[in-house]
Chemist: 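Below is a structure I'd like to ask you about.
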Amino acid sequence: MELFPLPAFSDNYIWTLHNGQRALVVDPGESDGVLAWLDQRDLQLDTILITHHHADHTGGVAALREATGARVVGPAFEPMPEPLQRVSAGEHVDVLGLRFEVIEVPGHTAGHIAFYAAEAEGTPLLFCGDTLFSGGCGRLFEGTPAQMLDSLTRLAALPAATRVCCTHEYTLSNLKFAQAIEPDNSDLAAYTQHCQRQRSLNFPTLPSSIGLEKRINPFLRTAEATVVQSARNHEPATTTDAVSVFATLRTWKNNFK
Ligand SMILES: [Zn+2]
Ligand SMILES: [Zn+2]
């Protein structure tokens with residue numbers, strides 16, 4: 001099986017997975033690039049997975065369904081281009097011999113879901129849409145800091161080796177913010193160098209892994225003393241409570257240059 005992020009728009013990735021014959025794509029915001037990719041490799045599109053309703057994740061769904069007859073699976077509680085199979089927490093989706101569990105991750109949108117395969121050729125696989133990014137997390141358009149922190153905590157509890165397939169190449173800008181929070185984090189410094197090299201060669205920084213994110217992503221590190229202190233220095237009303245720290249970081253990041 002081959003996992004590959006197809007670039008789309010300015011910084012989206014449409015994740016693809018195929019077994020040489022049949023393919024899965026996640027959050028296709030557009031269809032032309034996906035159709036060309038399928039054509040070049042002579043693949044049949046089996047299933048489209050959708051994590052949330054934003055147009056840059058769903059814009060290509062209707063055209064792909066029309067052109068390929070692929071099954072579409074998406075969140076139960078989001079406005080979605082019909083027809084689709086709607087799934088929610090506790091359900092699973094079987095695709096290309098893999099079983100994906102549906103994890104509810106509200107915060108970026110109210111009904112956002114993630115897809116997690118515990119058994120995927122030896123290394124677990126997570127498609128998490130705009131919830132967890134490498135070094136950061138999604139903006140809170142429809143949820144509260146407490147909801148988003150809860151969602152991220154659920155993802156952080158997955159095995160360390162889990163491959164994290166995020167939908168945007170935001171890594172370098174996230175790491176710049178992360179370094180402002182934790183200037184002495186040596187894992188973060190090493191990872192930043194690695195990602196700068198990747199981007200200078202026009203390679204993706206993704207997938208990341210849960211183990212790595214727990215060492216470098218401030219939004220998963222709200223209990224670390226340095227992270228708490230940085231949040232409090234920035235916003236003195238911040239308490240040591242994880243939700244309060246998270247809320248300060250998220251607001252700070254919204255305006256960080
Ligand atoms: Zn989004
Ligand atoms: Zn997006």
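Counting starts at 1 for both ligands and their atoms, in listed order. No experiment lies behind these values; they were computed from the predicted model shown.
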Chemist: List the residues meeting side chain to side chain contact (heavy atoms under 4.5 Å, CB included) with P183, not counting sequence neighbours, and say none if there are none.
Modeler: none
Chemist: Hey, does the side chain of N12 reach the backbone of H57 with a donor-acceptor pair shorter than 3.5 angstrom?
Modeler: no
Chemist: Could you list the donor-acceptor pairs under 3.5 angstrom formed by side chains in residues 106-114, with sequence neighbours left out?
Modeler:
from: H108; atom 1: ND1; to: R139; atom 2: O; distance (Å): 2.9
from: H108; atom 1: NE2; to: H52; atom 2: NE2; distance (Å): 3.4
from: H108; atom 1: NE2; to: H54; atom 2: ND1; distance (Å): 3.1
from: H108; atom 1: NE2; to: D130; atom 2: OD2; distance (Å): 3.3
from: T109; atom 1: OG1; to: E78; atom 2: OE1; distance (Å): 3.1
from: T109; atom 1: OG1; to: E78; atom 2: OE2; distance (Å): 3.1
from: T109; atom 1: OG1; to: H112; atom 2: N; distance (Å): 3.4
from: H112; atom 1: ND1; to: T131; atom 2: OG1; distance (Å): 3.4
from: H112; atom 1: NE2; to: H52; atom 2: ND1; distance (Å): 3.2
from: H112; atom 1: NE2; to: D130; atom 2: N; distance (Å): 3.1
from: H112; atom 1: NE2; to: T131; atom 2: OG1; distance (Å): 3.4

Chemist: Mind checking what makes side chain to side chain contact (heavy atoms under 4.5 Å, CB included) contact with A146, not counting sequence neighbours?
Modeler: T144, V243
Chemist: Is there a donor-acceptor contact under 3.5 Å linking the side chains of H18 and E2?
Modeler: yes
Chemist: I need the protein N, O or S atoms closer than 2.8 Å to the Zn ion (ligand 1), given as residue plus atom name.
Modeler: H52 NE2, H54 ND1, H108 NE2, D130 OD2
Chemist: If you draw a 6.0 Å radius around CD in Q196, do more than 12 non-hydrogen atoms from other residues or ligands fall strictly inside?
Modeler: yes
